Amino acid sequence: MPELPEVETVRRDLAPLVAGRRIEAVEVDPASAPLLLGNTGIDAFRAALVGRRFLGIGRRGKYLLFELDDGNTLVAHLRMTGRLVWRRHAAPPEPYQRAMLELDDGHDLRWSDLRKFGTWRLVADPNDAVGKLGPEPVDDGFTLPGFRTALKGRSAPIKSVLLDQRRVAGIGNIYADEALYEARIAPSTAAGQIGPASAKRLHAAVRSVLERGIANRGASFKDYVDGAGQQGHQQMFVQVFRRTGKPCYACGSMIERVVIGGRSTHFCPRCQRTPRRRPARAR
DNA sequence: CGTTACCTGAAA
DNA sequence: TTTCAGGTAACG
């Protein structure tokens with residue numbers, strides 16, 4: 001569920017609340033622990049965290065990086081339905097609450113996750129937990145030449161390449177569809193077939209849809225909430241995502257839905273066309 | 001490369 | 001009853 005803008009919103013909400021706080025206690029639902037913690041047992045996990053203080057929270061792609069005062073990092077991924085919210089000790093459990101960290105100021109960091117796909121990993125080097133991630137798209141490291149190299153020679157549909165975290169970090173299904181709409185590119189277009197002008201539009205569109213998503217505190221279509229448990233607003237401003245059968249705001253054509261790489265994909269068949277490289281001129 | 005599995009629930 | 005779901009790892 002949460003993509004870069006949603007994860008960044010949670011990070012910004014929680015960072016000032018946890019910075020400097022000490023972890024007093026750790027609770028993990030035993031039934032959820034194997035998927036959440038992987039090979040680490042609950043006792044070992046608790047022993048490693050209790051008494052530690054948070055320094056701050058970073059983010060890489062869709063991962064949250066909770067920096068601890070012993071140099072280790074708690075790397076969290078919300079996957080589809082994970083939530084991290086800040087609550088008073090006395091507050092009732094969240095729906096589908098699976099774990100919590102009790103802090104020294106009367107509050108808890110509550111983890112809930114209906115589908116249990118989310119992960120927590122305690123590591124010395126966050127790079128060990130995030131895999132091979134491409135550049136941060138809302139950052140100077142995301143350059144047009146680098147983006148063009150990522151597309152070059154690839155026969156996969158551009159939609160799939162945008163979702164490939166090794167190419168660009170943090171884009172998910174909502175913002176992939178929205179960026180392709182903004183760049184006026186059909187999602188089925190082979191990535192390698194995208195010419196310089198289209199690549200430039202898409203590069204700019206990726207940045208702008210993500211920045212708008214952050215400005216609107218993320219998109220809450222179903223499960224996503226921010227660090228205070230509140231919904232985001234970006235779902236009210238999407239152009240194509242889950243607008244199947246509704247009119248395109250630009251041309252009035254019906255938005256269509258197809259499946260690409262196993263993911264629902266929404267686009268305007270009139271506004272979004274397959275860009276053609278400039279055909280080679282005769283002689 | 002595309003498909004399947006992980007898990008639970010809501011909606012069609 | 002069947003399909004679908006803001007993600008990703010592991011398949012073939």
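The structure displayed is predicted, hence computed values, not measured ones. By convention in this document, chain letters (A, B, ...) are assigned in the order of the sequence lines, proteins followed by strands, and residues within each chain are numbered from 1.
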Participant: Would you mind listing the cluster partners of Tyr96(A)? Hydrophobic ones only (ILVMFWY), side-chain contacts under 4.5 Å, chaining allowed.
Facilitator: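 Leu114(A), all in the cluster of Tyr96(A).
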Participant: Test of understanding: with side chain to side chain donor-acceptor pair (under 3.5 Å), list the residues that count as partners of Glu27(A), not counting sequence neighbours.
Facilitator: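 Glu27(A) satisfies side chain to side chain donor-acceptor pair (under 3.5 Å) with no other residue.
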Participant: Quick one: side chain to side chain contact (heavy atoms under 4.5 Å, CB included) partners of Asp113(A), sequence neighbours excluded?
Facilitator: Thr81(A), Arg98(A), Trp111(A)
Participant: Hey, are Glu24(A) and Arg52(A) close enough for a salt bridge, meaning a charged N less than 4.0 Å from a carboxylate O?
Facilitator: no
Participant: Going by an N to O cut-off under 4.0 Å, is there a salt bridge joining Asp69(A) and Arg22(A)?
Facilitator: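 No salt bridge links Asp69(A) with Arg22(A).
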Participant: Does Ser155(A) place a side-chain N or O at less than 4.0 Å from the phosphate oxygens OP1/OP2 of dC1(B)?
Facilitator: yes
Participant: In this structure, is the centre-to-centre distance between the rings of Phe142(A) and His203(A) below 6.0 Å?
Facilitator: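 Centroid separation for His203(A) and Phe142(A): below 6.0 Å.
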Participant: Do the side-chain N and O atoms of Tyr175(A) and Glu182(A) include a donor-acceptor pair separated by under 3.5 angstrom?
Facilitator: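 Absent: no donor and acceptor within the cut-off.
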Participant: Begin from the C-alpha positions of Asp177(A) and Arg242(A) and carry the test salt bridge (charged side-chain N to carboxylate O under 4.0 Å, His left out) through to its verdict.
Facilitator: CA-CA 10 Å; Asp177(A) 284 3; Arg242(A) 291 198 199 170; over 6 Å; no
Participant: Identify whether any heavy atom of Phe241(A) sits under 4.0 Å from a base atom; if not, whether one sits that close to sugar-phosphate; answer base, sugar-phosphate or nothing.
Facilitator: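 Sugar-phosphate contact only.
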Participant: Could you list the residues that satisfy side chain to side chain donor-acceptor pair (under 3.5 Å) with Arg166(A), not counting sequence neighbours?
Facilitator: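 Checked Arg166(A) against side chain to side chain donor-acceptor pair (under 3.5 Å); matches are Asp164(A).
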Participant: What stems show up for DNA chain C when you take Watson-Crick pairs (N1-N3 plus N6-O4 or O6-N4) and G-U wobbles (N1-O2, O6-N3), both under 3.5 Å, and require three or more consecutive pairs?
Facilitator: B:1-6 with C:7-12, B:8-12 with C:1-5
Participant: Ring centroid separation for Phe221(A) and Phe241(A), is it under 6.0 angstrom?
Facilitator: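 Here the rings of Phe241(A) and Phe221(A) have centres that are less than 6.0 Å from each other.
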Participant: Could you check, using the six-membered ring where one of them is a Trp, whether Phe66(A) and Phe54(A) have ring centers closer than 6.0 angstrom?
Facilitator: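 Between Phe66(A) and Phe54(A), the centre distance is under 6.0 Å.
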Participant: Can you list, pair by pair, the side-chain donor-acceptor contacts under 3.5 Å of residues 251-263 of chain A, counting residues two or more places apart and other chains?
Facilitator:
unit_1    : atom_1 : unit_2    : atom_2 : d
Arg257(A) : NE     : Ser264(A) : OG     : 2.7
Arg257(A) : NH2    : Ser264(A) : OG     : 2.7

Participant: Quickly work out the Met80(A) CE to dA5(C) C1' distance and round it to whole Å.
Facilitator: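 Interatomic distance, CE of Met80(A) to C1' of dA5(C): 5 Å.
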Participant: Using a cut-off of strictly less than 4.0 Å, decide whether Ser264(A) has a side-chain nitrogen or oxygen near OP1 or OP2 of dA5(C).
Facilitator: yes
Participant: Listed by chain and number, what are the side chain to side chain contact (heavy atoms under 4.5 Å, CB included) partners of Asp105(A), not counting sequence neighbours?
Facilitator: Arg21(A), Trp86(A), Leu103(A), His107(A)
Participant: Other hydrophobic cluster members with Leu163(A), side-chain heavy atoms of Ile/Leu/Val/Met/Phe/Trp/Tyr under 4.5 Å, chained?
Facilitator: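 For Leu163(A), no cluster forms, as it stays isolated from other hydrophobic side chains.
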Participant: Quick one: label Pro5(A) by what it contacts on the DNA or RNA (base, sugar-phosphate, nothing), any heavy atom closer than 4.0 Å.
Facilitator: nothing
Participant: Return the stacking result for dC7(B) and Phe117(A): yes when the ring centres lie under 5.5 Å apart and the planes under 30°, no otherwise.
Facilitator: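 Not stacked by the 5.5 Å and 30° rule.
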Participant: For DNA chain B, determine which residues of residues 27-39 of chain A have any heavy atom closer than 4.0 angstrom to one of its atoms, and list them numerically.
Facilitator: Leu35(A)
Participant: Taking dA5(C) as the reference, what is the distance to dC1(B) when you measure between their C1' atoms (whole Å, please)?
Facilitator: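 So the two C1' atoms sit 24 Å from each other.
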Participant: Just how far, in rounded Å, is C1' of dA5(C) from OH of Tyr224(A)?
Facilitator: 18 Å
Participant: What is the separation between atom CG on Leu78(A) and atom P on dC7(B), rounded to the nearest whole Å?
Facilitator: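 In whole Å, dC7(B) P and Leu78(A) CG are 18 Å from each other.
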Participant: Taking dG9(B) as the reference, what is the distance to dT8(C) when you measure between their P atoms (whole Å, please)?
Facilitator: 23 Å
Participant: Take the protein atom CD1 of Ile158(A) and the nucleotide atom P of dG2(B), then report the distance between them rounded to whole Å.
Facilitator: 13 Å
Participant: Can you tell whether the side chains of Arg53(A) and Asp104(A) come within less than 4.0 Å, N to carboxylate O?
Facilitator: yes
Participant: Specify the separation, in whole Å, of atom CZ of Arg257(A) and atom C1' of dT3(C).
Facilitator: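 The answer, rounded to whole Å, is 9 Å.
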Participant: Check every strand shown and say whether Arg242(A) touches a base, only sugar-phosphate, or nothing at a heavy-atom separation below 4.0 Å.
Facilitator: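 Base contact.
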Participant: Does anything in residues 177-190 of chain A come within less than 4.0 Å of DNA chain B? Heavy atoms only, and list the residues if so.
Facilitator: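 Those residues: none at all.
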Participant: May I ask you to say whether Glu3(A) pairs ionically with Lys62(A), meaning some side-chain N is under 4.0 Å from a carboxylate O?
Facilitator: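 Looking at Lys62(A) together with Glu3(A), the answer is no, because their closest N to O distance does not fall below 4.0 Å.
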Participant: Just how far, in rounded Å, is P of dG7(C) from CZ of Phe221(A)?
Facilitator: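 The answer, rounded to whole Å, is 12 Å.
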Participant: I'd like a table of atom pairs between the protein and nucleotides 8-12 of chain B - only N or O on both sides, under 3.5 Å - with the distance next to each one.
Facilitator:
unit_1 : atom_1 : unit_2    : atom_2 : d
dT8(B) : OP1    : Lys116(A) : NZ     : 2.7
dG9(B) : OP1    : Tyr96(A)  : OH     : 3.4

Participant: Which value, rounded to the nearest 0.5 Å, describes the distance between His266(A) atom NE2 and Lys246(A) atom NZ?
Facilitator: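 The NE2 atom of His266(A) sits 10.0 Å away from the NZ atom of Lys246(A).
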Participant: Could you go over nucleotides 8-12 of chain C and give all protein N or O partners under 3.5 Å, atom names and distances?
Facilitator:
unit_1 : atom_1 : unit_2   : atom_2 : d
dT8(C) : OP1    : His77(A) : NE2    : 2.9
dT8(C) : OP2    : Lys62(A) : NZ     : 2.8

